[in-house]
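Following: one structure in C-alpha cells, then a few remarks.
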Amino acid sequence: MRYSAFQIVRQALRGHQGWPRAWGEATAKPRYDAIVIGAGGHGLATAYYLGRNHGVRNVAILEKGWLGGGNTGRNTTIIRSNYLQDPSAAIYEKSRSLYETLSQELNYNIMFSPRGVMMLAQTEHEVRGYRRTAHANALQEVQTEFITPERVKELCPIIETRGPRYPVLGALWQARGGTARHDAVAWGYARGCAEMGMDVIQQCEVTGIRSANGKVKGVTTTKGEIDCDKLAIVVAGHSGVLAEMAGFRLPIESLALQALVSEPIKPCMDVVVMANTVHGYMSQSDKGEMVIGGGADGYNNYTQRGSFHHIEETVRALIETFPMISRLKMLRMWGGIVDMTGDRSPIISKTPMENVFINCGWGTGGFKAIPGSGWATAEMVAKGAPGALAAEFGLDRFREGRFIDESVAAGVAH
Amino acid sequence: MSARRIDGGRLIDRTKPLRFTFNGRKMEGFQGDTLASALLANGQMLVGRSFKYHRPRGIVTAGPEEPNALVNLGKDKRFEPNARATTTELFDGLEARSQNHWPSLERDIGVLNDRFARFLPAGFYYKTFIHPRPFWKHVFEPFIRQSAGLGQAPRHRDGDTYEHVNVTVDVLVSGGGISGLAAALAAGKAGARVLLVEQSAHWGGRLDDAPDIDGQPAETWVAETVAALTNLENVTVKLRTTHSGVYDHGYCLAVERLTDHDPLGPGPRQRLWKVRAGRIVAATGAIERPLSFAGNDLPGVMLAAAVRDYLTGYGVAPGRRTVVVTNNDDGYRTAFALKDQGLEVPLILDARSDPGPVAEAARELGLKVAPGKGLAGVSGKGRVEKAAVAAIDGSGAVLDELACDCIAMAGGWSPAVHLWSHAGGKLHWDETDAMFVPDPDKPPLGADGKAMVRCVGAAAGELGAAEALETGWAAGLWAATETGHKPKRGAGPKAEPDEETPIAPVWVMPRGADPEKRAKMWLDYQNDVKVSDVELAQREGYESVEHTKRYTTLGMATDQGKLSNINGLAVLADARGEPIPAVGTTTFRPPYTPLTMGAIAGEARGDLFQPIRRTPMHEHHERMGAHWEPVGHWRRPYAFPRSGESVEEAVNREIVNTRQNVGLLDASTLGKILVKGPDAARFLDMLYTGMMSSLKPGRCRYGLMCSENGFLIDDGVVARIDEDTFLCHTTTGGADRIHAHMEEWLQTEWWDWQVHTLNITEAWAQIGVVGPKARDLLEALGGMDLSEEALPFMSWADGEIGGFKARIYRISFSGELSYEIAVDAGHGAALWEACLDAGESLGVMPYGTEALHVMRAEKGFIMIGDETDGTVIPQDLGLSWAISKKKDDYLGKRAQDRLFMTDPNRWKLVGLETLDGSVLPEGAYAVDDSKNANGQRETQGRVTSTYYSPSLKRGIAMGLVRHGPDRMGEVLTFPGVDGTETKARIVEPVFLKEAGA
Amino acid sequence: MSEPVSALGGAVFDGAVKVTELPPRAMFSLKGDLASKKIVKAATGLTGVDLPGPNSANGAGENGILWMAPDEILLMGPRTDQATAAARLEKALAGTHHLLADVSDARSVFLVEGEGSALREALARLTPADLHPEAFPVGAFRRTRLAQVPAALWMRDGSAVEVLVFRSVAAYVFGLLGHAAAGGSLSHF
Amino acid sequence: MLILTCPYCGVAADETELAPGGEAHLTRAGVESSDEDFEAYLFQRKNPKGVHFERWRHANGCGKWFHAARCTVTNEVFGTYPAQTLEPPKEILDEIVARRPGWTLETGP
C-alpha cells in the first residue's frame, strides 16, 4: 500500500483498521540466492539495493533480535560527508546524496533534515586541519566551506564563540549535512525489501556457516538450516563472532560509545554542531530534545553501558560551548557497541571464504553511511568483487599498511 | 484562602504561609507544600498541555513520575524548564508558568491538532509529508518542531554553582521509607559504612498507610529510627537526594538538591554524589498504575494514592465529589481517607466481582461499592464532570451516570525496579500480583561477580508494611555480611501483616471496549499515546516492544514510561495474543529522574573548566601582553604584540629581530625525560630510528621516534649525560605521551632490561637564546665559557651563568646561533628577566611559537603535527639520515617494510615556492588532470606548512609531493576553495641558505 | 644567585579549610630496587626517617620519604642544602643501578588544614580515592587525581594533608581547593 | 565505571585513575616476521564476548602496567596480575574456571 496523506484520511474514516503490515511475517525458505545476516540499517540497505540495482530478489535478511535494534536505533543520527580521505568522502557523500531522496525512494518519511553540520575549530591545529579538509572536499565534489566565527554565531546563536578557554576560531560547514529519524531508516528499508518479495526473518540467530571446499553453502540458524549461493555478514558489533564461524579473524575491537538526550525544549538550535577539541557534539531533535554524543570507552565491552566519566567530560565541555544547557536536565543516557578497526575506517570486503562478504567496522560513523554502504556492499555481493566505492575498504589494507585514517585532519570523531 | 484546603496535612506548616505566582496569578501556599499541592489548594487543576494534541492536562500524581505538571520555573539566570510541580518544594516568591501552549493555557491554538486527532494516529508522520521533497525541511518540520518541545529554552548563563563529592561506602540504601530505614538500621548496627538517601524532603514514605511498628505508631518508629541512624558514626543520611543510577562495579550517582527549595540560600545549588558502594539496597517503592478507560486523560482524573497523599500530606482535597475506581484493595484506602475528611465518595467501582473483606469495611462506613463494575468513560469540559458506569467485562453499555469532579483510579502497582535494571538485573512477571519484580536469579553483578543490588519492600513487590520491614532488615544484614561485617543477632522491626484480596488486572476498561472507545484511552498522557495506537503499531508489524515504543513514542516522555510502560506492554501482549512476559520490557536507562546538566559538570566551569598549564615565566609573558596559543593544556605565547601592532606584524618583527639581533624563547614546555641504566643506550636504540648508543657523553643528537605501526610520533634532541644516562627532549605535546610509551615498552616487553625513566619536564625552566648576538648576550650575563671551542654545536655543558646554576645546550631549531639554558624552574622567571636586561643593548626581544614555526620552516626543519599527521614515515620526509642502517631493529622498522610503505609513489617532502611570491593557501592540494573512479579529482601532493617569510619577503611552503625530490623545478597547480588557482615550483626545502648555527 | 620562587609565591586561602602553598623544598626522585640496602641507607641517611611501605610516607618536619611506586621514592628536605644533599646521595648510591634526579621545583606542595571532617570532605570533592579514616589514616600517602590532574595526598596528621601536584597546574589546583572549601558540610566523614 | 586493584601498589583504583591498554599477552612480531604475523600482531584482536585478558596502566597512581582478566559481557573481574608474564597465572585461570565451568584458555594469535 502506498503511503500518503490521502491514504491516512481514507484509513482514518475506517478507524485505522485497514493498515497492512509494513513488512510480512516471513518464514525461511530452504534456499536463497543471497542471505544477508543482520537486519540493521546496513544489512537492510544491502538487501534493498541487491534487489533494486542488481535484480537479486530471492533474498533473506536474518536478524537474531528485532530489526533495527542495534546501533541503527542507538545513535545521534548525524549525516555528513565532509571527510578528508578520498575513499571516505566518496562513500559518505554517496550516502548523503541517497539520503536526500530516500523518503521518496522508499515512500516512507525518514525525515532527512539537511539543516547543516558544523565542526568547530577551537585550536590553530584544528583550523589547519579543517582548511585542509575544505580543500580536499572541493576536489571530491563535496560541498563544504570554512566559515568565520561571526558566521558560526549567526548560524547557531546559542554558541559561546568567545569562550575563555577554546574560543571558536572558525568552523568547517556542510550546509547539506543534517539528521534523519534513525528507526525510520531501518523500517523504510525493511518495508522496501518486503515489497520486493524478500524475507525479513527476525528472532533468527545464525549459529554456524556451512561451506564445501572453501565455498559457502549456507547457514545454520535457530530456525534451522538455510542454503544460499552468497552470504553477506553485516552485523556490526557481532562481526567477530560471525567471522569466527567463517574461519577468519578481524582487526576489530568492540567498545561502548555513549550518548544522551535532554528533556525536550522549544526549538533553539537549528544546526548540528561538533566540537572535537572537547569531544562533544549536539543537535536538537524534532521532539525538542538536545541530542548529545561523546567519546568511546577505551576497553572492550559488550554491555551497552559505558563509563560515566565520558558523559561528564562531554557535558562539561558542551556547557562551556553552550552555556544555556546548564539548567537543562539529562533525560536518558545509553551506550551502543561500536566496532573499531585498526585505522577507525570501515571494512567492505571479500573474505577468505568464497562468496562470503563482510561489511563492518563502521566505528562511530555507521548511521550516516547506511545507504552508501548498502549500495556498495550490494554491488560487491552481486558482482563478486568490490566496485569503486568499496575498493579501498578491503581487509588486505591492514597487511599492506594502506590505511584510511580520518583522525589525521583534526582528530575528527564521527 | 482556598476552597480546597481542608484540615490535616502532615507535611505542611500552616503557621508559615508562602506567596507564589502561576502564569502571573498570585497564589498562596504553606511551608512544606509542593508546587502541585499548592496549585491544587488554589483550585488550579489545569496545569499544562499535552505534547501532540495539546489536550488540557491536570495533575495526576504526587511524585517524580508526574507526566503532566511540568512548568517553566523561575526566570533569567535561575530559569528552569520542565520542572516537576509534584517534586518542586514551594518557596516564597516562586514563579511558575505552564508550558506548550499559545497564546494561553486556557486558549491554545495547538489544540487544533486535537480536532484532527483521528487523522494523526501513531506514526502518521512516517506516512506523509513525503512530497514535495523540500517541504519537509522548510514547511512540515518547522511546524512539528514548533508544536513539540514543552518548556522554553533558557536564555541566560546559569547563575548557580554545583559540586561533586566522591565517597566509598559498604552499603548504599536508596529510599527512606520504612523498608529502607530498616535496611539502613540493620547494616548500620552491624558496623557497615552506610549511606541512606531519600529523594523527598521527609522520611517514612507513604506513612499514613503504615500500621503500628513494634507496637508504636509508624510515625514514632520512623522518627526514632532516623534519630538512631543519625547517632551512628558509620551512617550518613541524606534527604532531598535522588539515587539517579547504578553503574558497573557499584558506582552510583545520587544528586542532592541543596538550594532548589531555597534559591537564595548559600553554597552550590546541587551536589552530585559519586558513590562507590559494596552493596546497594533499593528501597525505592512502587508506582501506581492508571486505568485505561475512555477520557482517562481529563484533568481531575488522578492516581488514587496521589489523591490520598494530597489529603493526608498537604490537607488538600483535589475533588469534592470523588469516584474511586479500582481493581485492588488499595483504592479503598483513598475512599476511606476521603470519607474520613468528610468528602463525598458517591461510588467505589471495583473490577473484582468479589472484593472480599475490604468492601465489607467500606459498606460499614456507609460507602457504596459496585463489584464487577468499571468506568465506561468520563466526560467534562476541561475537567471531569461526569462518570459513566459499565460492567467490567462488557463492551461499555452505560448502566449509570454520576456527577463528580474527581476520579481516583487504582490500577495496581509497579515496583520501581530501575536501580536493579540499570546495571543489568533481569525481571520476571508475577502473575498473582500482576507486576514485574526483580528476578533474584538474574541480579546485576558487581566486580566480584556476585549480586550487588537487592530490592526490598514495594520495590521487590512486597506491598505490605510487615514484608517491607522484613525484607528491608534482611537486606541490611545481607549487605553488611557481604561487605565483611558480622551482624549481631537480634530481631528486626515488626508489623502486623494485613490480608488483602488479590488484584484483578484490567488493562482496558471495560474489557470489551470497542475501537472507538480505545481511541479515547490514554496510556502516555504527555506524548498522547492511546490504547488504539499500540494496537495499530502491532497490526502494522511494529510488534517488538522496542518497535512499538519507538513507533508510538510510548514511554519516551519525560517520565520515561513510569506510568505508561506496563499498561502499554499489557495492551501489546493482548494484541499479540501472548502472555506479558513473552513480550518483555524495554530497557531501563539512567537517570531515574532527569539530572541537571550543571550538576554533571560540577566544579568544571569557567576557570576550573580545564587545567591551564603555566610555565615559570607565565606571569611575565602575561605582563608583556602575550597572545596565547593553547598547546594541549599548556598555554604558550603565540607572539608578543606591542601596542598598536597586529599579531601578524608582531610575528614578523620577532623573526627579523631574532635573525638580526637576538631573541628569547620560553622553551620550558618541551618534554624532558631522563633515561638511565646499563641498558639505557640499547633501549634508546630501539626507541629512536637513529643510533643513540654511539653518542658521546657531552654531545647531543637529533632523534626520531616511530610507532610500532611505522609512523612518526615525535622528535627531539637527545643529550648523553654520562655512560648510562641520557636526557631525551620531546615535543611540547609529547612529554607525557612519550614517557608513557617508554614505560610501556620497558614494563611490558623488555622488563629484564636495566633501565629507569623519569619525566622531569617540570623541574626545569628552559630558555632559548637565539640569534647572531646570542653569545654576546650570554657573555654579558657572565659565567661559563661558551666559545665555539668550549661548547661546539650539538653539545651541552653544566655550569654557572649570570649566577644561575644552569645546563646549557648548543642546539638550533632556527638555523641561527642558539643556546638553550635550563635552570631549576624556581629560577626561571629570574633568569628570563636577567636575559632581557643583559640583552637590552643588543636589542633582545622575546618571540613566540609562530616566529619559531616560521624560522624552522625557513630552514626546512619539519614540525611534528604539520609535516606529520599520523600517516607519514621518516622516509617520506627525507630524514633517512636520521635512520640508522646499522641497526637490525627499532620500533617501526618492520612496519616500514610493508608494501604500501615502500611504494615508490609515496608523497615525499619538498619545498614549494609560489611563482608570484604569494603565500600558498593552508592545506591546499596539488592536482592532476584526471579524475578517479569515484569522480574525484586526482591529487599528487599537498601543502604541509605555509608561511610568509619576512626574511625572504615572500611566501614559503613545505609539502609532500609524489616523486617530489626527483622533480625539482617542476610547477604544480594548487586550486583554492574559491575557484582560484595558485602555481608553485618544487624546490629544495631549505629556503634560508646561510648558516648561523 | 636569586632565591627560588614557588609557583604561586606562597598563596593562602582561608575558608572551611585553610590552603597554603608551601615554600620550595629540596626534592629528589629516587628509582631503584627499594630492597637494596644501599638505596635504603642513602634515603634514610639523608632524611633521618625510615623507609615507608606502600601507599604511605614518613616525615619529620621538612624531611620525608614518600612511597611513589614499588621502585620509586620521593625524598624531601630543606631547600637550603639542596646541592650538598644531591652530592651525598650520589656518593651513597655509587655502584648500584638507580636513577636519582633533583626535582625540587617540579612540584607545588599545598598544605590543607581543617578541623574535624572538613578536611576530608573538601578533598573528597576532588578525588575518587577513599578518604575515610579507615582507608586513609594518618601517615597514609596516595597518588591519585584531583579533578582533572594527577596529584598525591599525604595525611600528615588528623587535621593536615599535604597535596603534591605538578608545578604547571598549581593555579588550577589552588582554585579547585578553594571551590571545594566553599561547598559547606557533607556531614559524612 | 570499573574499579581494578593494582597488583603493584594494592590500590583499588577507580577507572579514572587508570588508562586502558588493549589486549594482553601479544607477542611482538619483529623485523623477521611475515606480513601475516606482523598484521596479526598489530591489528587482529580476540575481542571475545566473555573472558578477556587486557592491559591497564595505573596512570594516576604508581604508574605501573598490569593485566586484568574481565568478562566483557558482565564486567566482572576475575583478577589482576603483573604485566611481566607471557600468560595468565594459574590462580587467575582457576578463578575463571571456578566461575565459568568449562571455560578454557584460547591459545595462539
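Quick note on labels: first sequence line is chain A, next is B, and so on, each numbered from 1. The structure presented is a predicted model; accordingly, all values stated were derived computationally and were not measured. Reckoned from all heavy atoms, side chains included, excluding hydrogens, waters and symmetry mates.
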Any salt bridge between C:Arg25 and C:Glu162, counting N to O under 4.0 Å? yes

Looking at B:Lys238, B:Glu619, B:Glu233, which one has more heavy-atom pairs under 4.5 Å with chain C than the rest? B:Lys238

Atom group of B:Trp634 that falls short of 4.5 Å from chain C, counting heavy atoms: side chain

Quick one: does B:Gln270's side chain get under 4.5 Å of B:Arg257's, heavy atoms only? yes

Looking only at heavy atoms and a cut-off of under 4.5 Å, which of C:Glu121, C:Glu72, C:Glu134, C:Arg107 has the most pairs with chain B? C:Glu134

Top residue by heavy-atom pair count (under 4.5 Å) with chain C, among B:Ile612, B:Thr161, B:Thr757? B:Thr757

Per-residue tally against chain B (heavy atom, under 4.5 Å) across C:Val5, C:Leu186, C:Val103 peaks at C:Leu186

Salt-bridge criterion met for C:Asp105 and C:Arg79 (N-O under 4.0 Å): yes

Over 60° means perpendicular and under 30° means parallel, so classify the ring planes of B:Trp753 and B:Trp750, tilted if in between. parallel

Have B:Thr168 and C:His132 got a donor and an acceptor in their side chains that come within less than 3.5 Å? no

Structural part of B:Tyr251 lying under 4.5 Å from a heavy atom of chain C: neither

Sub-4.5 Å side-chain heavy-atom contact between C:Ser104 and C:Pro24: no

So B:Cys835 and B:Leu781, do their side chains get closer than 4.5 Å, heavy atoms only? yes

Residue, of B:Val235, B:Leu674, B:Ile760, that accumulates the most heavy atom pairs under 4.5 Å with chain C: B:Leu674

Does any backbone or side-chain atom of C:Leu131 lie under 4.5 Å from a heavy atom of chain B? Answer side chain, backbone, both or neither. neither

Region of B:Arg276 that comes under 4.5 Å of a non-hydrogen atom in chain C: neither

Could you pull out the closest heavy-atom pair between C:Ala135 and C:Asp130, with the gap in Å? CB-OD2, 3.3 Å

Out of B:Ser668, B:Pro611, B:Ala763, return the one with the most heavy atom pairs under 4.5 angstrom to chain C. B:Pro611

Below 4.5 Å from any heavy atom of chain B, which atoms of C:Val149 appear? Answer side chain, backbone, both or neither. side chain

I'd like to know if the side chain of B:Thr241 and the backbone of B:Leu239 have a donor-acceptor N/O pair within less than 3.5 Å. yes

C:Lys18 side-chain N/O to C:Leu111 backbone N/O, donor-acceptor pair under 3.5 Å: no

Partner chain B: residue of C:Ala7, C:Pro128, C:Gly184 with the largest heavy-atom pair count (under 4.5 Å): C:Pro128

When heavy-atom pairs shorter than 4.5 Å are enumerated against chain B, which of C:His188, C:Lys31, C:Met27, C:His97 gives the highest number? C:His97

Mind checking which of residues 35-53 of chain C sit less than 4.5 Å from chain B, heavy atom to heavy atom? none

Which bit of C:Ser187 comes within less than 4.5 Å of chain B, counting heavy atoms only: side chain, backbone, both or neither? both

Charged N-O contact under 4.0 Å between C:Arg167 and B:Glu762: no

State whether a side-chain donor-acceptor pair under 3.5 Å links B:Asp824 with C:Gln82. yes

How about C:Tyr172 and B:His633: do any of their side-chain heavy atoms sit closer than 4.5 Å? no

Between B:Gln610 and chain C, with a heavy-atom cut-off of 4.5 Å, which part of the residue counts as in contact: side chain, backbone, both or neither? both

